[in-house]
Amino acid sequence: MHKGSGAKNPRPPALDPGAALFLDVDGTLLEIAARPDLVQVSDGLPRLIAHRAAERNGALALISGRPLSHLDALFRPWRGAAAGLHGIERRRADGSLASTVRQTEAIYRLRPKLATFAQSACGLVFEDKGASLALHYRAVPEREAEVLAVAERLHRSTDPDLRLIRGKLVAEFVPRDANKGRAIAAFLAELPFLGRRPVFIGDDATDEDGFATVNQRGGIAVRVGPASETAAPYRLPSVAAVLAWLVDQGNL
């Protein structure tokens with residue numbers, strides 16, 4: 001896998017109307033907030049997403065750690081192709097639901113332990129997504145070392161089918177089979193994505209699997225944020241830059 005410092009990663013080229021477009025949500029389309037429920041959707045964003053999807057006959061998908069129900073609430077009335085919970089949930093462009101990734105019993109055993117830790121530590125937010133569990137420390141970033149130490153200790157005691165994702169100010173436990181790269185690959189095997197060059201834009205460590213998948217298929221991977229170690233050859237500096245780039249790609 002190509003890894004670069006990110007310092008020399010250029011702005012992505014113009015978007016081919018025939019490309020398949022995959023978009024992360026938090027930190028890419030939406031600014032990260034203190035709690036996941038406090039994010040703000042900018043005026044016109046659902047319309048922009050719907051327009052870019054229609055231009056490519058539906059070959060646009062949101063690829064997120066959020067559940068599909070949250071994505072639908074944020075981007076209504078648009079309700080297109082999307083992968084939620086890092087691929088545990090996946091809705092095809094025709095609206096049908098794909099088989100979900102197998103859930104693990106370790107989630108049930110881990111749930112009360114994470115909830116108890118979050119309740120005992122001011123500023124932490126425990127997010128129970130059902131098939132995955134997240135511990136956010138966005139409001140208390142100074143507690144990162146403590147949170148990650150607890151998360152890693154709990155991970156060592158869980159089923160090996162469960163993996164720990166260390167994202168931006170969040171530690172999340174998901175089934176090992178779930179990742180954004182597999183979700184993107186599944187879309188690319190189906191119409192209307194089939195045969196199109198993939199473009200994926202994301203901002204976090206959880207998006208690196210997606211970057212790898214896109215690179216393997218000769219696509220365009222774009223990391224959002226400051227220069228960093230990443231498999232993405234291209235970079236946009238901020239959420240605002242992503243939205244401006246999407247607006248610039250065609251008529252509205």
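Every heavy atom of this structure was used, including side-chain atoms; hydrogens, water molecules and symmetry mates were not.
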Pairwise side-chain contact, P36 with R138, heavy-atom cut-off 4.5 Å (strictly under)
yes
Distance check, rounded to the nearest 0.5 Å: R235 atom CZ versus D203 atom CG?
13.0 Å
ILVMFWY cluster, V25 and V222 together (side-chain gap under 4.5 Å)
yes
I'd like to know whether CD of E142 has more than 12 heavy-atom contacts from other residues, nucleotides or ligands below 6.0 angstrom.
yes
Contact summary for A61 and A82, nearest pair of heavy atoms:
CB-N, 4.3 Å
Salt bridge (charged side-chain N to carboxylate O under 4.0 Å, His left out): pairs with one or both residues in residues 57-71, sequence neighbours excluded:
D26-R66
Are any of the side-chain heavy atoms of L135 and V150 separated by less than 4.5 Å?
no
Hey, could you give me each pair passing salt bridge (charged side-chain N to carboxylate O under 4.0 Å, His left out) that has a residue in residues 114-126? Not counting sequence neighbours.
none
Between CG of L85 and CG of L68, what distance do you get to the nearest 0.5 Å?
7.0 Å
Can you measure from CG (L191) to CG (D94) and round to the nearest 0.5 angstrom?
10.0 Å
Using atom types as modelled and distance alone, determine if a side-chain donor or acceptor of E208 lies under 3.5 Å from a backbone N or O of A231.
yes
When every non-hydrogen atom of S64 is compared with those of D24, the smallest separation belongs to CA-OD1, 4.4 Å
May I ask you to decide if T213's main-chain N or O and R182's side chain share a donor-acceptor pair within less than 3.5 Å?
no
Salt bridge or not for E89 and K129, using N-O below 4.0 Å?
no
Is there a path from L62 to L21 through hydrophobic residues (I, L, V, M, F, W, Y) whose side chains come within less than 4.5 Å of each other?
yes
So, taking the atom named CG in D209 and the one named CD1 in I165, what distance separates them when rounded to the nearest 0.5 Å?
8.0 Å
Between the main-chain N or O of G18 and the side-chain N or O of R196, is there a donor-acceptor pair closer than 3.5 Å?
yes
I'd like to check L15 versus R56 (side-chain heavy atoms, cut-off strictly below 4.5 Å). Are they in contact?
yes
Identify whether L148 and V125 are in the same connected component of the hydrophobic contact network (ILVMFWY, side-chain heavy atoms under 4.5 Å).
no
The reported gap from CG in L110 to CG in D128 (rounded to nearest 0.5 angstrom) is 10.0 Å
Cluster link V224 to I220, ILVMFWY, side chain under 4.5 Å:
yes
Do any N or O atoms from the side chain of S96 and from the backbone of R92 form a donor-acceptor pair under 3.5 angstrom?
no
Is the side chain of R90 donor-acceptor paired with the backbone N or O of G87 at a distance under 3.5 Å, no angle test?
no
Evaluate side chain to side chain contact (heavy atoms under 4.5 Å, CB included) for L169 paired with H136, printing each intermediate quantity in order.
CA-CA 6 Å; L169 302 177; H136 298 272; over 6 Å; no
Using a cut-off of 6.0 Å, state whether more than 12 heavy atoms not belonging to D43 lie near its atom CG.
no
On a heavy-atom basis, the closest approach of Y137 and A171 is CE2-N, 4.3 Å
Within the structure provided, determine whether L162 and V174 are in side-chain contact (heavy-atom separation under 4.5 Å).
no
Does L124 belong to the same Ile/Leu/Val/Met/Phe/Trp/Tyr cluster as L38, with side-chain heavy atoms less than 4.5 Å apart forming each link?
no
Does any part of the side chain of H86, heavy atoms only, come nearer than 4.5 Å to the side chain of E172, both counted from C-beta?
yes
Any donor and acceptor pair, going by atom type alone, linking the side chain of R11 with main-chain N or O of P237 inside 3.5 Å?
no
Could you check if a side-chain atom of P13 sits within less than 4.5 angstrom of a side-chain atom of Y234, using non-hydrogen atoms only?
yes
Assess R223 against F211: is NZ or CZ under 6.0 Å from the centre of the six-membered ring, and within 45 degrees of the ring's axis?
no
Please check if atom CZ in R217 has more than 12 non-hydrogen atoms from other residues, nucleotides or ligands closer than 6.0 Å.
yes
Assign the ring pair F173 / H155 to parallel, tilted or perpendicular, where the plane angle (0 to 90°) is split at 30° and 60°.
tilted
Separation of F22 CZ from L188 CG (nearest 0.5 Å):
4.0 Å
With a 4.5 Å heavy-atom cut-off, do F117 and E146 have their side chains touching?
yes
Smallest heavy-atom separation, L29 atom then L45 atom, equals O-CD2, 3.8 Å
Write down the atom of P192, the atom of A93, and the distance for their closest heavy-atom approach.
CD-CB, 3.4 Å
Exactly one of L243, L246, V242 clears side-chain contact (heavy atoms from CB on, under 4.5 Å) with L236, and that residue is V242
Can you check whether D72 reaches R91 side chain to side chain, under 4.5 Å on heavy atoms?
yes
Which heavy atom in K113 sits nearest to a heavy atom in L154, and how many Å separate them?
CD-CD2, 3.9 Å
